[in-house]
Protein chains: 2
Amino acid sequence: MAQTTVVRQSLKDQVKSILIDRLISGDLAPGDRIKELQVARELGTSQAPVREAIRCLETLGYVEHIPHVGAMVRVFNKGEIEEAYEVREALEVHSISLVREPLDALVSELDKHLDEMRAATRKRNIRMFTQADNAFHRSIVAYCGNATMLAMWDSLKVQMQVIATLIKASMPLDEVYSLHPPIVEAFRKHGRERASVLLRGHYTMLGGYWESTA
Amino acid sequence: MAQTTVVRQSLKDQVKSILIDRLISGDLAPGDRIKELQVARELGTSQAPVREAIRCLETLGYVEHIPHVGAMVRVFNKGEIEEAYEVREALEVHSISLVREPLDALVSELDKHLDEMRAATRKRNIRMFTQADNAFHRSIVAYCGNATMLAMWDSLKVQMQVIATLIKASMPLDEVYSLHPPIVEAFRKHGRERASVLLRGHYTMLGGYWESTA
DNA sequence: TTCCTTTCGATTATCGATAATGTATGGCTG
DNA sequence: CAGCCATACATTATCGATAATCGAAAGGAA
């Protein structure tokens, strides 16, 4: 049997997942309008679940909604992207100082993601690189053991991924990669505080790559 | 004329505002169920807008929603509260280092909130104290000029306020107050970095007050 | 009694239809 | 021809009703 259980997820959640997929894949690009009835007909549901899913995305900040007009995929300008990076940095820098000993588990996970990034660089697979890059930073936040912190970080991730899908071309992967090993090294040899210092300013270095698309 | 314009806000937004007010005022306490049709009848609307408002609160993390069962005001345990404080600290510490010169405007605003806190302490008005305390910390984040950062901070504020309304009694206001002036002083005399150091650990000192309600 | 099953009441989830609203079109007027 | 108003259209916002689902109460068997 291909299907072990029946679909046990509300229509709203299914619609939401589908829309997020389209957002990340770039199928829905910033500026695109999302029409409730159109999506409803497309997915074979009524307007209500679609509407709920969209409002959910709105609360999450992925789409912009104008009353009586409709929803459109949010357009992030350069400033907003930089802001998001700044918040990421704040969360990650603080998370590092909260990571509990022993640090071995985290370090080995970071190493794993470094491998993935190198592999992606060789293949020039930007999608894969972005995923590994995200996973690298996420694991730092995850290992501090603060679920609220991680939830906040995650709420920024989709924004980042939407962007990354958009401006794939302008990132020199090897340069971006080279920013990461020193952090792991500092972790391994000097502990949390030193790694924290290195992480600070990590994102400001990335700012330049967005210039062309401002 | 008492009313200058007609009500020009969607029912969903009105319902949402009303529910948030009830949350903050403690009218809706953690654990309380929120029934869609009941609220709808009470406010004279149909189920749909209420439903949307509730789902919005769900996404914001204020209510917990179980499919086919219903929504209830989220119960925060001690751990989650500490986590939220930790995130607040991360955002605020980082924000301080981003505040642009000159610092005069921020310092005078902080002074204003200190006054409010003192006044609230004299009157033993806990609600007022909480507001001033919140305003104090919020202005630090506001002055860094990062709207995304501020939005994140705000998303934690309602949680905090719900809690504060709950466990009003256990806070010795003068002690909580005394944590704040040194921060302003450090700001005035030694600049951002010194203030940043003082703010770090600010919230861990507050941890003890929640012990009794864990 | 205790456990399992069934039934019932309450509530949410979804639907289809209608009202409200904003935007674009085209004609009228100067 | 330009500017303005009215109309038509597209879309969202809201409604009332129905279907799906869950939890508790009632009933029966071991």
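Nothing here was measured: the structure is a model prediction, and the numbers come from that model. Residue numbering restarts at 1 for every chain, and letters A, B, ... go by the order of the sequence lines.
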(message) Using a 4.0 Å cut-off on heavy atoms, which residues in residues 62-71 of chain A reach DNA chain D? List them by number, or say none.
(response) His65(A), Pro67(A), His68(A), Val69(A), Gly70(A)

(message) Rounding to an integer number of Å, can you tell me how far Arg33(A) CZ sits from dG22(C) C1'?
(response) 10 Å

(request) For Lys16(B) and dA13(D), give me the distance from atom NZ to atom P, rounded to whole Å. (result) 14 Å

(request) Tell me which of Ser46(A) and Arg41(B) sits closer to the 5' end of DNA chain C, going by the nucleotide each one is nearest to. (result) Arg41(B)

(request) Would you classify Gln47(B) as touching base, sugar-phosphate or nothing, given that sugar-phosphate means primed atoms plus P, OP1 and OP2, and contacts are heavy atoms under 4.0 Å? (result) base

(request) Can you see which heavy atom on Gln9(B) is nearest to which on Ser17(B), and at what distance? (result) NE2-OG, 4.3 Å

(request) State which residues pass side-chain contact (heavy atoms from CB on, under 4.5 Å) with Arg51(B); sequence neighbours excluded, sorted by chain then number. (result) Glu52(A), Glu36(B), Arg55(B)

(request) Ignoring backbone atoms, establish whether Arg51(B) has a side-chain N or O less than 4.0 Å from OP1 or OP2 of dA13(C). (result) yes

(message) Check this for me: does any side-chain nitrogen of one of Arg118(A) and Asp115(A) sit under 4.0 Å from a carboxylate oxygen of the other?
(response) yes

(request) Could you tell me the separation between the CD atom of Glu52(A) and the P atom of dA13(C), rounded to a whole number of Å? (result) 7 Å

(message) Quick check on dA13(D): is either OP1 or OP2 less than 4.0 Å from any side-chain nitrogen or oxygen of Arg55(A)?
(response) yes

(message) Checking Asp133(A) against His180(A): is there a side-chain donor and acceptor pair closer than 3.5 Å?
(response) yes

(request) Would you sort out whether Ser97(B) and Arg192(B) count as a side-chain contact (heavy atoms from CB on, under 4.5 Å), showing the intermediate values? (result) CA-CA 6 Å; Ser97(B) 65; Arg192(B) 298 172 299 199; 5.6 Å; no

(message) What is the distance, to the nearest angstrom, from the CG atom on Asp13(B) to the P atom on dT21(C)?
(response) 14 Å

(message) For Glu83(B), give me all partners under side-chain contact (heavy atoms from CB on, under 4.5 Å), at least two apart in sequence or on another chain.
(response) Asn146(A), Ala147(A), Thr148(A)

(request) Using atom CE of Met72(B) as one end and atom C1' of dC22(D) as the other, report the distance to the nearest whole Å. (result) 16 Å

(request) Figure out the CD/C1' separation between Gln9(B) and dA13(D), and round it to whole Å. (result) 14 Å

(request) Check every strand shown and say whether Ile54(A) touches a base, only sugar-phosphate, or nothing at a heavy-atom separation below 4.0 Å. (result) nothing

(message) How many whole angstroms separate atom CD of Glu36(B) from atom P of dC15(D)?
(response) 14 Å

(request) Please report, rounded to the nearest Å, how far the C1' atom of dT11(C) is from the CG atom of Leu37(B). (result) 8 Å

(request) Show your working on salt bridge (charged side-chain N to carboxylate O under 4.0 Å, His left out) between Arg22(B) and Glu42(B) and close with a plain yes or no. (result) CA-CA 14 Å; Arg22(B) 291 186 183 177; Glu42(B) 201 177 323; 3.0 Å; yes

